[in-house]
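Beneath this line is the structure, given in structure tokens, with notes to follow.
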Amino acid sequence: MGRGRVQLKRIENKINRQVTFSKRRSGLLKKAHEISVLCDAEVALIVFSTKGKLFEYSTDSSMERILERYERYSYAERELVAIDAESQGSWSLEYTKLKARFEVLQRNQRHFLGEDLGSLSLRELQNFEQQLDSALKLIRSRKSQLMYESISELQRKEKALQQQNNLLAEKLKEKKALAQQAHWEQGNQVQNPSTFLLPQSLPSLNISGTYQARGTGGEDEGSQPHNRTNTLMPPWMLRHMNE
């Protein structure tokens with residue numbers, strides 16, 4: 001038959017209590033060692049007997065280091081709990097303040113829109129009127145400022161466009177001048193070859209091998225042509241004329 005379940009209560013028999021303490025202490029130390037090896041955990045175990053005798057176990061790290069770490073974490077946890085409790089109280093108070101302020105702002109908004117004015121006194125209405133006048137002045141001032149900035153921006157753009165237009169006009173004027181100059185030079189090149197090849201002062205050749213000079217000096221030169229052999233003619237032309 002198996003062992004029955006042990007009832008968890010203080011063992012009244014002193015001897016049995018001491019034996020159970022020794023067995024359970026050994027098992028507890030064994031389990032602490034197993035969890036530290038299997039799970040790579042830092043374990044610290046402290047046991048005091050009824051007589052005040054200390055039994056402890058710690059992993060490779062020293063007991064002091066583990067206890068110091070425990071104290072640090074427990075202190076931070078206590079501080080966090082305290083801060084949470086304070087923050088919860090402060091948040092509830094802050095929520096109440098914000099809710100009341102929100103209600104006041106909603107009521108003022110309705111009043112500014114001309115709603116729920118029946119419950120206001122004459123002084124409150126005068127205060128709202130002054131606030132509206134001040135708001136209108138600020139709105140008009142802001143509107144004037146925006147209009148002035150817009151006008152300044154448009155004037156700046158207009159000036160930039162005018163400068164660009166002037167620059168384009170100058171470039172177009174230069175292109176027209178260059179085109180007229182090219183057209184004039186082309187016309188001169190068409191007219192100059194005829195006047196250069198047939199000047200009036202050059203002699204006119206005839207078939208008989210003589211040339212007749214035409215000048216503008218006087219009537220004697222024009223009426224009495226001088227016939228002489230043209231020594232400047234090539235030999236092949238002379239031979240052809242003699243045949």
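Keep in mind the model is a prediction, meaning the values are calculated, not measured.
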Please find the pair of heavy atoms, one from [X] and one from [Y], that lie closest to each other, and give the distance.
X	Y	result
V43	S36	CG2-CB, 3.9 Å
M63	Y57	CE-O, 3.4 Å
S58	I66	CB-CD1, 4.3 Å

Run the side-chain donor-acceptor check on residues 127-138: report pairs under 3.5 Å with partners two or more places apart or on a different chain.
{"residue": "N127", "atom": "ND2", "partner": "R123", "partner atom": "O", "Å": "3.3"}
{"residue": "S134", "atom": "OG", "partner": "Q130", "partner atom": "O", "Å": "3.1"}

Residues that [X] engages under side chain to side chain contact (heavy atoms under 4.5 Å, CB included), provided they are two or more places apart:
X	answer
F48	I46, L54
K176	L172
E64	S62
S26	none

Requested in this report: May I ask whether I11 and F21 are part of the same hydrophobic cluster, defined by side-chain heavy atoms of I, L, V, M, F, W, Y residues being less than 4.5 angstrom apart, directly or through others?
Outcome: no
Query - R72 atom CZ, neighbour heavy-atom count above 12 within 6.0 Å - result: yes
Requested in this report: Verify the neighbour count for atom CZ of F55: are there more than 12 heavy atoms of other residues, nucleotides or ligands below 6.0 Å?
Outcome: yes
Query raised in the report: Could you give all pairs that pass the ring-ring contact (aromatic ring centres under 6.0 Å, His included) test and reach residues 28-47, with sequence neighbours left out?
Result: none
Residues two or more places apart in sequence or in another chain: which of them pass side chain to side chain donor-acceptor pair (under 3.5 Å) with [X]?
X	value
R69	E42
E153	R156
R17	none

**Report entry** Whether S150 side chain and L146 backbone form a donor-acceptor pair below 3.5 Å
**Finding:** no
Query raised in the report: Counting distance only, does the side-chain N/O of E185 pair as donor-acceptor with the main-chain N or O of A182 below 3.5 Å?
Result: no
To the nearest 0.5 angstrom, please state how far the [atom1] atom of [X] sits from the [atom2] atom of [Y].
X	Y	atom1	atom2	answer
L45	L28	CG	CG	4.5 Å
K143	M147	NZ	CE	6.5 Å
S121	Q126	OG	CD	8.5 Å
Q186	Q181	CD	CD	13.0 Å
R110	L117	CZ	CG	11.0 Å
Q18	S49	CD	OG	7.0 Å

Could you tabulate the donor-acceptor pairs under 3.5 Å formed by side-chain atoms of residues 158-171, not counting sequence neighbours?
{"residue": "Q162", "atom": "NE2", "partner": "N166", "partner atom": "OD1", "Å": "3.4"}
{"residue": "N166", "atom": "ND2", "partner": "Q162", "partner atom": "O", "Å": "3.2"}

**Report entry** Any residue meeting salt bridge (Lys or Arg N to Asp or Glu O under 4.0 Å) with E12, in chain and number order, not counting sequence neighbours
**Finding:** R10
Report task. Mind checking salt bridge (Lys or Arg N to Asp or Glu O under 4.0 Å) for R140 and listing every partner two or more places apart, or none if nothing turns up? Result -> none
